Amino acid sequence: MKVEIAKYAKRNFTWGILLRIYQILAPVFIRRLFIYRLGIEYAGLGGLFLSILSFLNLAEMGIESAVMYFMYKPIQDDDTTAVRRLLGLIHKYYKCVGLFVLVAGLIILPFIPRLIAGEVPAEINVYAVYLMNLIPAVLSYWIWPYKNTLLRAHMRNDLISRTQFGAYTIKYAGQILVLLYFANYYLYLSIEILAKIFERFLALIVANRKYPKLKQILEPTAGMRSAFREKTEALIFHKIGGVVVNSADPVVISAFLGLTILGKYENYSIIMGGVLGFVLLINTSLEAGIGHLVAGNGPEENAKLFERYTFLLYVLATVCCCCFLNLYQPAITLWIDASMLLGEDIVILLCMYFYVVLMMVPGNVFENASGLWSSDKYRPLLEGALNLTLNLILVQLIGLQGVLLSTILSMAFFSVPWLYYNVTNRVLGGGFRAQLQTIVRQAVECAIMCTISRALCLLIPNGVSLIGVIAISCVVSCLVPICIMYVMYRKGENWKWLIGTIYLTFQRVRRQDKA
């Protein structure tokens with residue numbers, strides 16, 4: 001059961017890219033068709049229920065993260081019995097979590113109308129729609145959830161991507177047919193439920209065939225339960241804070257501003273979510289591998305790995321922010337309609353939010369890899385409380401801008417410093433002040449590059465077609481930050497490492513193509 005980190009990381013990234021492209025292109029078409037056939041209010045309603053269910057998923061408490069942390073060593077030691085006992089542990093926990101989500105979801109049911117400002121579409125029953133959203137959330141905990149955990153712990157995310165590819169194909173095809181021929185929201189949600197069952201069934205088959213020795217789970221030991229509870233007690237604070245930060249915004253928007261504004265906001269979120277998913281494929285592909293490396297490295301090696309990982313995400317975040325700033329509005333206009341546009345100030349705030357999210361990724365990855373949840377358990381909870389408080393205050397003062405601003409402030413000025421302090425002192429052997437200075441400097445550099453790229457894009461003549469504006473803006477948004485960063489960092493070790501890694505990757509691809 002030895003894990004071939006480089007080999008599996010490459011497979012994970014390749015299949016992750018293919019799945020992410022699929023998950024972007026198909027929903028983009030379906031979203032347009034959905035709004036055309038059902039309306040923007042339905043889209044806003046779906047976003048609201050997704051956020052509510054994210055709150056219910058607090059019950060998961062980071063169980064999978066804790067189990068994967070405990071699995072790294074037995075997998076390295078080829079201890080099949082210990083892995084089977086850990087799978088039995090997560091199986092028991094997930095049964096309880098699914099029951100909690102079901103009961104809590106039913107308790108929330110009577111209060112659903114109070115979370116919606118204004119009217120809901122007259123032809124639907126909001127309670128029935130909510131329950132149809134609740135069912136797949138419950139099933140995700142009851143139908144073999146530990147099989148995906150097993151694959152992730154072995155760095156076989158590529159196999160998960162393949163099973164999801166098949167399940168999403170069934171889902172997308174069914175949703176398109178329902179929208180085209182029936183325009184029925186209940187049938188549309190039924191497809192989601194069936195696709196979830198099919199996806200978990202495929203994962204069961206793949207995991208059993210790949211790891212037949214781990215097909216049967218075992219009863220966990222008392223020591224495992226005790227150590228696991230200790231980790232999950234800390235992780236629950238991380239889970240609560242993370243869910244509040246990520247899910248409070250749509251609920252607040254719906255409750256104070258209505259489904260139409262939420263539907264427009266979700267259009268922007270879908271684009272950002274797609275791009276964020278691409279970028280985080282690096283994290284998904286390497287997370288288990290980093291866990292194995294951190295377990296065997298010393299502080300100096302971990303510091304070098306952390307520095308390179310942070311620099312990579314800084315480069316990606318800067319290029320993406322330039323693209324968002326210049327392409328958001330024309331992309332929304334081309335995709336749906338100009339009537340769905342939000343203000344330029346919203347676009348700027350979304351860029352800031354995206355950048356801060358990516359700057360937290362290295363800290364979160366190394367924290368998870370090192371199992372540092374206990375020493376950092378209050379940070380996400382306090383961040384979530386701060387974000388929600390600012391949300392409720394600022395949404396009434398400045399509307400949608402206040403919702404986004406509250407999230408940015410709580411993350412950038414509270415959570416990021418605390419997270420980096422914890423990781424640098426406990427994993428990297430110190431250097432918090434230097435890390436903080438680097439974060440601030442890179443954020444300023446990103447803002448300058450975004451400003452320059454925006455100024456150049458504003459010079460595009462008015463007579464250019466929308467497609468032409470998008471094409472030119474895309475080229476400018478990519479070239480400006482890359483050229484500036486080349487001038488600034490070309491002699492630095494991190495830039496040389498990044499270019500060398502890209503070059504070696506292309507060389508391997510070329511050799512495989514020739515073979």
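Here the structure is a predicted model, which is why all the values come from computation and not from measurement. For this chain, numbers begin at 1 and follow the sequence in order. Below, each value reflects all heavy atoms present in this structure, side chains not excepted, and no hydrogens, waters or symmetry copies.
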Could you give me the CA-CA distance, side-chain angles and deciding distance for L99 and W142, then say whether side chain to side chain contact (heavy atoms under 4.5 Å, CB included) is met?
CA-CA 9 Å; L99 180 61; W142 282 354; 4.3 Å; yes

Could you walk me through whether I35 and N267 pass side chain to side chain contact (heavy atoms under 4.5 Å, CB included), step by step?
CA-CA 10 Å; I35 293 174; N267 293 336; 3.7 Å; yes

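- Separation of the F324 and Y355 ring centroids does not fall under the 6.0 Å cut-off.
- At least one side-chain heavy atom of V251 sits less than 4.5 Å from a side-chain heavy atom of L48.
- Here the closest heavy-atom approach between residue L179 and residue R37 is recorded as O-NE, 2.7 Å.
- Between K147 and N208, the closest side-chain pair of non-hydrogen atoms falls below 4.5 Å.
- With hydrogens and angles ignored, the 3.5 Å screen pairs a side-chain donor or acceptor of S190 with a backbone N or O of Y186.
- Y314 has its side chain within reach of M485: a pair of non-hydrogen atoms, C-beta onward, lies under 4.5 Å apart.
- The line from NZ of K171 to CZ of F198 is 13.5 Å long, rounded to the nearest 0.5 Å.
- Taking the centre of each ring, Y489 and F311 come in below the 6.0 Å mark.
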Criterion ring pair (Phe, Tyr, Trp, His ring centres under 6.0 Å) on Y22 and Y172, from CA distance to verdict
CA-CA 10 Å; Y22 193 39; Y172 294 151; 5.5 Å; yes

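- In this structure, R20 and G273 approach most closely via the heavy-atom pair NH1-O, 4.2 Å.
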Verdict with reasoning, K92 to E219, per side chain to side chain contact (heavy atoms under 4.5 Å, CB included):
CA-CA 9 Å; K92 289 180 176 294; E219 188 72 17; 3.2 Å; yes

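- With Q329 contributing its side chain and L342 its backbone, the two residues share a donor-acceptor pair below 3.5 Å.
- Of the possible donor and acceptor atoms, one in the side chain of T163 sits under 3.5 Å from a partner among the backbone N and O of I160.
- In this structure, R84 contributes its side chain and I217 its backbone to no donor-acceptor pair below 3.5 Å.
- Under the 30°/60° scheme for interplanar angles, the aromatic rings of Y328 and Y268 are found to be tilted.
- Partner of N494 under the side-chain hydrogen bond (donor to acceptor under 3.5 Å, both in side chains) criterion, chosen from E307, R308, K304: E307.
- Under the 30°/60° scheme for interplanar angles, the aromatic rings of Y94 and Y141 are found to be tilted.
- At least one side-chain heavy atom of D158 sits under 4.5 Å from a side-chain heavy atom of R156.
- Distance CG/L419 to CE/M360: 5.0 Å, rounded to 0.5 Å.
- In this structure, CG on N326 lies 10.0 Å from SG on C474, to the nearest 0.5 angstrom.
- For the pair L131/L134, a side-chain contact is recorded, criterion being any heavy-atom separation below 4.5 Å from C-beta on.
- Considering every non-hydrogen atom in both I408 and L349, the closest pair reads CD1-O, 3.2 Å.
- Side-chain contact between D249 and N387 is present, with heavy atoms from C-beta onward closer than 4.5 Å.
- A donor-acceptor pair under 3.5 Å is absent between the side-chain atoms of S473 and the main chain of I470, judged by distance alone.
- The structure places CG of L204 at 10.5 Å from CG of N148, a figure rounded to the nearest 0.5 Å.
- A donor-acceptor contact closer than 3.5 angstrom is absent between the side chains of S140 and R200.
- Atoms CD1 and CD, on I40 and E266 in that order, are 9.0 Å from each other to the nearest 0.5 Å.
- Note: S51 OG to I253 CD1 = 8.5 Å, rounded to the nearest 0.5 Å.
- The minimum heavy-atom distance linking A167 with E199 is given by the pair CB-CB, 3.4 Å.
- Contact of the Y265 side chain with the V403 side chain is not registered, since no non-hydrogen atoms from C-beta on lie closer than 4.5 Å.
- E383 approaches S410 most closely through the heavy-atom pair CG-O, 3.8 Å.
- Side-chain atoms of Y130 come within 3.5 Å of backbone atoms of G105 as a donor-acceptor pair (strictly under, hydrogens ignored).
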Verify side chain to side chain contact (heavy atoms under 4.5 Å, CB included) between Y353 and V357, making sure each step is shown before the conclusion.
CA-CA 6 Å; Y353 169 77; V357 167; 3.6 Å; yes

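- At least one side-chain heavy atom of L189 sits less than 4.5 Å from a side-chain heavy atom of Y185.
- The two residues T310 and P362 have their closest heavy-atom pair at OG1-CB, 3.6 Å.
- At distances below 3.5 Å, not a single donor-acceptor pair connects side-chain atoms of W15 with backbone N or O atoms of R162.
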